[in-house]
Every structure is written in structure tokens, then in C-alpha cells.
Amino acid sequence: MKEPQTGAQHSKSGLSPLDSLRVVLVRTQHPGNVGATARAMKTMGLRDLVLVAPQRPPDDRSRAMASGALDVLEHMRIVETLPEALADCATAVGVSARRRGISVAVHDARNWATDWARGAADARTALVFGAERTGLTNAELALCQQAVQIPADPDYASLNLAQAVQVLAYEARMAAVGGLRGSRGRQPADHATMEGVYAHLEDMLVEVGFLDPANPRHLMRRLRRLLARATPDPVEANILRGIFSAVQKRLR
């Protein structure tokens with residue numbers, strides 16, 4: 001099985017920030033969960049999988065559950081100890097459903113992903129998951145610099161291992177890449193454009209008699225806040241000005 005790239009190699013390669021994220025499964029009990037994890041990872045663009053002392057090695061069930069993610073299994077590494085899995089990682093993040101006296105700060109999955117994405121290209125980060133029944137031990141959590149929990153219904157907060165990996169991988173992808181496939185980034189209208197919208201809106205409101213320029217109170221300030229919350233893009237700003245012009249033309 002191939003050795004994964006180090007964080008230094010990643011930062012020089014210009015690859016996706018997701019290439020700096022490693023999934024580490026500690027003491028897995030069911031080979032099928034390893035395959036399901038590989039599938040969960042690949043759907044979100046993750047490739048680096050390391051197993052630590054699995055109770056049963058990957059087998060045909062792993063390959064069946066991996067579906068189209070066999071390449072993740074083929075490049076997977078198996079090591080004996082958690083320190084081996086974390087040796088080339090700058091940060092280890094323990095994923096645990098219970099606090100159990102964790103001394104490091106605990107984040108929810110989304111807030112962790114947002115913070116991680118800001119420095120994703122700088123160094124490799126490991127997401128560490130424990131055995132299916134017991135999770136991570138206190139000793140294993142002690143090897144992690146951060147801890148993450150997945151908010152769930154307290155009456156039934158039990159997630160399958162692959163489901164937990166899927167949630168963290170999804171949040172990481174949204175934070176690092178974001179957006180729907182094929183969608184274009186949305187650029188809000190610039191300050192000058194919006195100032196033109198506000199001035200035009202004020203002129204139109206005066207003409208229709210809705211705004212008294214001698215006693216404006218806080219109307220324009222509130223309308224500015226309303227439009228600012230909408231964050232119109234340049235095309236939408238032009239549409240608004242077109243509406244204002246049509247109203248003025250009708251009045252005249």
C-alpha cells in the first residue's frame with residue numbers, strides 16, 4: 001500500500017485542501033465499516049485512510065461496502081499504534097460523542113471545519129475515530145490537540161462509524177470547497193453600486209410622496225440595512241434601479 005503525501009508535499013503541490021485531511025480509524029471491529037468509510041470519504045474528496053490495529057483486517061465485506069471507492073482501500077495504510085498514524089500530522093482531532101473529562105477544547109463539527117479550512121493547506125490534519133462500540137479511550141484522546149463532537153439528539157446520539165466520517169467529511173468539504181457542483185461563486189455588488197441604489201431609492205420615495213425630505217427620520221437608514229442583508233449582486237442592483245426608474249417614469 002502506498003505511503004500518503006506529507007503535509008509539506010501537499011502545500012507545494014497546489015492540490016485541494018481536502019488532500020491535507022487524513023481519516024484515522026482506531027481498533028475497528030467490523031470490516032464492512034472500513035469499506036463504508038472509504039465510500040463516505042471518496043464522495044467528499046478525501047483519499048487518505050489509515051487503520052490502527054484493526055480487530056479484523058479488511059476483507060471482501062470491506063470491498064463490497066466500498067462500492068466505487070476501492071482506490072481508497074488500495075491506498076490505505078495499516079499501522080500498529082496511533083502515534084504511527086499521526087507521525088507526519090501537525091494536528092490530530094479526536095471525534096468523540098462523550099466529553100469524558102477531555103482537557104482540550106471541544107468543537108461541533110461545523111465550527112471545527114470552518115477553523116480548519118482557514119489553514120488547510122499549511123499542514124496535514126488527522127480526524128481520529130475510535131472503535132465502533134467504545135469510541136476513543138482517554139489515552140487516545142490525550143494524543144489529540146483538538147476534539148470534535150457531532151450534535152445529535154441526546155435521546156439517541158449514536159452514529160455508525162461511517163456516518164460519523166461522512167458528517168465530518170461533508171463539513172470539511174463545505175468549508176474548504178463549498179457550493180454545489182458546477183455552481184458559480186456569487187459576487188455582491190460593490191460599495192459604489194449600492195450607494196447608487198440607495199440614492200436612487202431615496203429619490204423615488206420622495207417623488208411618490210412616501211419620504212418627506214424635511215422629516216426623513218430613520219427610514220433610509222432602515223432601508224439600507226434591509227438591502228444590505230439581502231446582499232444583491234450587480235445584476236440585482238441594476239434590476240432595483242430599473243424598477244425605481246419605471247416608477248419615476250410612470251409618475252412623470
Within the supplied structure, the quantity of interest is the number of heavy atoms (other residues, nucleotides, ligands) at a distance under 6.0 Å from [X] [atom1]; does it exceed 12?
X	atom1	result
Arg250	CZ	no
Arg39	CZ	no
Tyr170	OH	no

Please report the shortest heavy-atom distance between [X] and [Y], naming the atom on each side.
X	Y	result
Leu143	Leu86	O-CD1, 4.1 Å
Tyr198	Ala228	OH-N, 4.1 Å
Ser20	Ala123	CB-O, 3.8 Å
Leu227	Pro232	O-CD, 3.3 Å
Glu202	Leu211	CG-CD2, 3.6 Å
Trp116	Ala176	CZ3-CB, 3.7 Å

Report yes if some heavy atom in the side chain of [X] is under 4.5 Å from a heavy atom in the side chain of [Y]; otherwise report no.
X	Y	value
Gln163	Ile150	no
Asp88	Arg22	yes
Thr114	Arg118	yes
Ile78	Pro58	yes
Val26	Glu140	yes
Phe129	Asn33	no
Leu25	Val165	yes
Val93	Leu168	no

Look up atom [atom1] in [X] and atom [atom2] in [Y], then write down how far apart they are to the nearest 0.5 Å.
X	Y	atom1	atom2	answer
Leu219	Asp212	CG	CG	11.0 Å
Ile243	Leu201	CD1	CG	10.5 Å
Asp19	Arg124	CG	CZ	8.0 Å
Gln55	Glu132	CD	CD	7.5 Å
Glu74	Arg63	CD	CZ	9.5 Å
Thr125	Gln145	OG1	CD	9.0 Å

Measure from the side-chain N and O atoms of Ser62 to the backbone N and O of Pro31, and report whether any donor-acceptor pair falls under 3.5 Å.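 Indeed, once roles are kept as given, a pair shorter than 3.5 Å links the two residues.
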For Gln29 and Arg133, indicate whether the former's side chain and the latter's backbone hold a donor-acceptor pair under 3.5 Å.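 Such a contact is found between Gln29 side chain and Arg133 backbone.
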Which residues pass the salt bridge (charged side-chain N to carboxylate O under 4.0 Å, His left out) test with [X], sequence neighbours left out?
X	result
Arg241	none
Arg110	Glu171
Asp155	none
Asp108	none

Presence of salt bridge, Glu84 and Arg77, under 4.0 angstrom: no
Answer yes or no: is there an ion pair linking Arg224 with Glu195, defined by an N-O contact shorter than 4.0 Å? yes
Could you point out which residue of Leu18, Leu21, Val23, Val72 forms a side chain to side chain contact (heavy atoms under 4.5 Å, CB included) with Arg47? Val72
For His200, all residues meeting ring pair (Phe, Tyr, Trp, His ring centres under 6.0 Å), sequence neighbours excluded: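 In terms of ring pair (Phe, Tyr, Trp, His ring centres under 6.0 Å), with neighbours along the sequence ignored, His200 is linked to Phe244.
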Spell out, yes or no, whether Leu73 and Leu161 are grouped together once hydrophobic residues are joined by side-chain heavy atoms under 4.5 Å, including indirect joins.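 In one cluster with Leu73: Leu161, yes.
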Any chain of hydrophobic side-chain contacts (each under 4.5 Å) joining Met65 to Leu49? no
Ignoring hydrogens and angles, state whether a donor on the side chain of Gln248 or Asp203 is under 3.5 Å from an acceptor on the partner side chain.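 Result is no, nothing qualifies.
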Can you check side-chain contact (heavy atoms from CB on, under 4.5 Å) on Val52 and Arg27, steps first, answer last? CA-CA 6 Å; Val52 177; Arg27 298 174 288 104; 5.8 Å; no
What pairs of residues pass the ring pair (Phe, Tyr, Trp, His ring centres under 6.0 Å) test when at least one of them lies in residues 140-160, not counting sequence neighbours?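 Residue pairs passing ring pair (Phe, Tyr, Trp, His ring centres under 6.0 Å), neighbours aside: none found.
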Apply side-chain contact (heavy atoms from CB on, under 4.5 Å) to Ile239 and Val235, showing your working. CA-CA 6 Å; Ile239 290 173; Val235 173; 4.2 Å; yes
Test side-chain contact (heavy atoms from CB on, under 4.5 Å) on Lys42 and Asp71; report intermediate values, then the result. CA-CA 9 Å; Lys42 187 170 181 178; Asp71 55 321; 3.0 Å; yes
For the pair Met76 and Val34, evaluate side-chain contact (heavy atoms from CB on, under 4.5 Å) and give the outcome as yes or no after the intermediate values. CA-CA 10 Å; Met76 173 183 66; Val34 176; 3.9 Å; yes
